[in-house]
Amino acid sequence: MYQEKLIFSLIERGWYSCDSFLDPLLCNVLLEELLSLPLKAAKIGKGSSEQIIPDIRNDSLYWLDEKSGSKAQKVYLEEMHNLMMILNRELFLGLRQFEGHFAKYDKNGFYKKHVDQFKENNERIVSVISYLNTPASGGELRIYSRENPEIIEEDISPKAGRLVCFLSNQIYHEVRPANCERYSIAGWLRTNIQ
């Protein structure tokens, strides 16, 4: 079962990856939905400081909504709820909500090195990425060492069904330029409910 490896890996190195987390049929349905949605340019920052800065990130996204989402989106959100329950049971993280969005990186799309927690806001605890397609090349998630964020620890290739999760305030990461379109759902397990 992936649960033991998940817990051990988050404790030991601050991140975890596994294949076949999502059922292939669910991946296909979610990908078809993503392709039909009105995606918007991604921003950085929070609240009044939100900005579109394509030199830092140039992906586009569509936020998931638990109330109005499709059946497939609700199945995915249930998977995130199950993951949250496991992490709360084993690591006592006090997680209460998943916040996430569909993400599309066009050819040459990227997101430069960053951490996922806003300054003066520690609500995002665990970042989660679920890949919906398998690009021929490029688009890797580069993970940096928790102990030394100047050291590259791993480049994880996007692969349909693959899950990557990491501690939002401890793991620097980036999305390497994609050689073709790359699709995923990215989000955060949080300690508060919006």
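Note: hydrogens, waters and symmetry copies are ignored here, and every other heavy atom, side chains too, is used.
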Does [X] reach the side chain of [Y], with side-chain heavy atoms less than 4.5 Å apart?
X      : Y      : value
Arg162 : Ser157 : yes
Lys113 : Tyr172 : yes
Arg190 : Glu123 : yes
Ile185 : Leu22  : no
Asn122 : Gln117 : yes
Leu30  : Tyr183 : no
Lys104 : Asp106 : yes
Tyr62  : Leu34  : no

Distance-minimising heavy-atom pair for [X] and [Y]:
X      : Y      : value
Val115 : Ser168 : CB-O, 3.7 Å
Val126 : Cys165 : CG1-CB, 4.0 Å
Gly14  : Ile171 : O-CG1, 3.4 Å

Please list, chain by chain and in numerical order, all residues satisfying side chain to side chain donor-acceptor pair (under 3.5 Å) with [X], sequence neighbours excluded.
X      : answer
Arg142 : Asp155
Tyr16  : none
Glu90  : none
Tyr144 : Glu174

Report the hydrophobic cluster partners of Met85, with the cluster defined as I, L, V, M, F, W, Y residues connected by side-chain heavy atoms closer than 4.5 angstrom, directly or transitively.
none
Other members of the hydrophobic cluster containing Phe92, with the 4.5 Å side-chain heavy-atom rule, please.
none
Inter-residue atom distance [X].[atom1] - [Y].[atom2], 0.5 Å rounding:
X     : Y      : atom1 : atom2 : value
Leu26 : Tyr76  : CG    : OH    : 9.0 Å
Leu95 : Trp188 : CG    : CH2   : 14.5 Å
Leu91 : Leu167 : CG    : CG    : 8.5 Å
Glu99 : Asn192 : CD    : CG    : 8.5 Å

So the salt bridge (Lys or Arg N to Asp or Glu O under 4.0 Å) pairs with at least one residue in residues 51-64 (sequence neighbours excluded) are Arg57-Asp59
Please list all pairs passing the salt bridge (Lys or Arg N to Asp or Glu O under 4.0 Å) test where one or both residues lie in residues 60-84, with sequence neighbours left out.
none
Can you get from Ile11 to Leu163 by hopping between Ile, Leu, Val, Met, Phe, Trp and Tyr side chains that sit under 4.5 Å apart?
yes
Does this structure show an ion pair linking Arg124 with Asp116, if we count only N-O contacts that are shorter than 4.0 Å?
no
Is the shortest side-chain N to carboxylate O distance from Lys107 to Glu181 below 4.0 Å?
no
Residues at least two apart in sequence or cross-chain that pass ring pair (Phe, Tyr, Trp, His ring centres under 6.0 Å) with Phe110, listed by chain then number, are none
With sequence neighbours left out, what residues match His114 under ring pair (Phe, Tyr, Trp, His ring centres under 6.0 Å)?
Tyr111, His173
Could you check Ile125, Val128, Asn88 and say which one makes a side-chain contact (heavy atoms from CB on, under 4.5 Å) with Leu189?
Val128
Can you list every side-chain hydrogen bond (donor to acceptor under 3.5 Å, both in side chains) pair that touches residues 22-41, not counting sequence neighbours?
Glu33-Ser70, Glu33-Gln73
Go through the structure and list residues passing side-chain contact (heavy atoms from CB on, under 4.5 Å) with Ser20, not counting sequence neighbours.
none
